[in-house]
There are 2 protein chains.
Amino acid sequence: MGKTALMKRYSRRDESDPARSCTENVELGGLADLIGYALKRTQLAVYQDFQRTFSDLNVRPVQYALISVIGCNPGLKQSQLGAALEIKRANIVSLLDELEERNLAIRSPVAADRRSYALHLTEKGMELLEKLQERSVEEEKRLASRIGQKGREQLLTLLREVRETADQLNQ
Amino acid sequence: MGKTALMKRYSRRDESDPARSCTENVELGGLADLIGYALKRTQLAVYQDFQRTFSDLNVRPVQYALISVIGCNPGLKQSQLGAALEIKRANIVSLLDELEERNLAIRSPVAADRRSYALHLTEKGMELLEKLQERSVEEEKRLASRIGQKGREQLLTLLREVRETADQLNQ
DNA sequence: TATTGTTATACTCTATAACTATA
DNA sequence: TATAGTTATAGAGTATAACAATA
């Protein structure tokens, strides 16, 4: 494609166009049809919904993820937690510090390997997880209210397949 | 759901379980079935693929977005660019500085409104956009290689619908 | 008064290197 | 030597407040 073709394709508007002053008329230049961009924008909108839904519990998405995995795998090590969530072990440290300071989780020494800690939720942590789970189910219903349960399952399948494809390319 | 039910649901494993030492056996506690988490993980994988694909051109996703929108809307203002991409105007500044330093885009004074600048791609910017577009088409094909063209369109539709749903909830 | 671009700032997420104590 | 956790640090992305110039 030569420059002339590019100009024709991309110069649909110019500063002389009165519509220029209207934000809604800004073209995204095909961005909206890219999987990566659609993923980012949708993820951001869903993330904002999460923040709104969980702000009174003072829980960010990453904290929800930690609590959920620790709750489901009591006794696991930090390195395992990080591997499961694809979070570098260096970045797990301060996240767990936060949970410990809030008395939601604890690090316990492991007799068999004194380098590592076994992670558990506290009573308070388990109670919070229960609340988070319940609210998460409601949030999920709201998010899927337009696409329906079938659409939701299709979406999860497509996302998993695209992720696996990208992971293979990234190997 | 009481604590006992929660324990039953979440304590499938314990530190006494020998499988504990195997990372693959860490349960995500339903995380994998949440739209938000699936979005995040897929977006991360696709983002990494983008970085790999465009690293030789030294272009990050956000830079691709800027170049694409400026190329498609020559003469638009920074505030319009930011509104179209949902980037705060304060954060647009340094991104545009980068593009100007690399001689990919320029800020031109606007006679009608001396507060704002009209944005244009340079020749070099237009040439880069052309390369980016071509490579983007290939990347899109690779990402959709498993789900197919039909799956890709389904995915984009579902993502748009979920985003619109979340945006409504966030209003 | 409101808007455009700018600066300063801060917080989160992510990534790497180097350190310690254990294995 | 290798591994688990830690610390320090740096780069991005995102958010707000305040400012100057202009409308």
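These numbers were taken from a predicted model, which means no experiment stands behind them.
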Look at atom NZ of Lys131(A) and say whether more than 12 heavy atoms of other residues, nucleotides or ligands are closer to it than 6.0 Å.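 Result for NZ/Lys131(A): open.
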
Enclosure of Tyr117(A) OH (heavy-atom neighbours >12, cutoff 6.0 Å):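 No, not enclosed.
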
Select one nucleotide: of [options], the one nearest the side-chain heavy atoms of [X].
{"X": "Ser116(A)", "options": "dT14(D), dG5(D), dG5(C)", "answer": "dG5(D)"}
{"X": "Val62(A)", "options": "dT14(D), dG5(C), dC13(C)", "answer": "dC13(C)"}
{"X": "Ser79(B)", "options": "dT6(D), dG5(C), dA15(C)", "answer": "dG5(C)"}

Proximity to DNA chain C (any heavy atom under 4.0 Å), residues of residues 34-60 of chain B only: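 Lys40(B), in order of number.
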
To the nearest Å, how far apart are [X] [atom1] and [N] [atom2]?
{"X": "Gln80(A)", "N": "dA4(D)", "atom1": "CD", "atom2": "P", "result": "9 Å"}
{"X": "Glu100(B)", "N": "dG5(C)", "atom1": "CD", "atom2": "P", "result": "12 Å"}
{"X": "Leu119(A)", "N": "dG5(D)", "atom1": "CG", "atom2": "P", "result": "7 Å"}
{"X": "Lys88(A)", "N": "dA4(D)", "atom1": "NZ", "atom2": "P", "result": "15 Å"}
{"X": "Leu96(A)", "N": "dC13(C)", "atom1": "CG", "atom2": "P", "result": "13 Å"}
{"X": "Ile92(A)", "N": "dT6(D)", "atom1": "CD1", "atom2": "P", "result": "10 Å"}
{"X": "Ile87(A)", "N": "dT14(C)", "atom1": "CD1", "atom2": "P", "result": "6 Å"}
{"X": "Arg107(A)", "N": "dG5(D)", "atom1": "CZ", "atom2": "P", "result": "9 Å"}

It should be established whether Gln63(A) places a side-chain nitrogen or oxygen under 4.0 Å from OP1 or OP2 of nucleotide dT12(C).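 Answer is no, no contact under 4.0 Å.
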
Answer yes or no: does a side-chain N or O of Lys77(B) lie under 4.0 Å from OP1 or OP2 of dG5(C)?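 Result: no.
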
Student check: side-chain heavy atoms of [X] and [Y] closer than 4.5 Å:
{"X": "Arg52(B)", "Y": "Gln48(B)", "answer": "no"}
{"X": "Phe54(A)", "Y": "Ser136(A)", "answer": "yes"}
{"X": "Asp56(B)", "Y": "Arg135(B)", "answer": "yes"}
{"X": "Ile70(B)", "Y": "Leu96(B)", "answer": "yes"}
{"X": "Leu28(A)", "Y": "Val69(B)", "answer": "yes"}

Would you confirm whether Ser68(B), through its side chain, and Ala65(B), through its main-chain N or O, come within 3.5 Å as a donor-acceptor pair?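 Such a contact is absent between Ser68(B) side chain and Ala65(B) backbone.
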
Between Pro61(A) and Asn91(B), who's closer to the 5' end of DNA chain C by nearest nucleotide?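 The 5'-side residue here is Asn91(B).
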
Write out a two-atom table: protein N or O, nucleotide N or O from nucleotides 17-23 of chain C, distance below 3.5 Å.
residue: dA23(C); atom: OP1; partner: Arg114(A); partner atom: N; Å: 3.0

Go through the steps to decide whether Glu138(B) and Lys141(B) satisfy the test salt bridge (Lys or Arg N to Asp or Glu O under 4.0 Å), and finish with yes or no. CA-CA 5 Å; Glu138(B) 296 306 313; Lys141(B) 279 185 196 162; 3.8 Å; yes

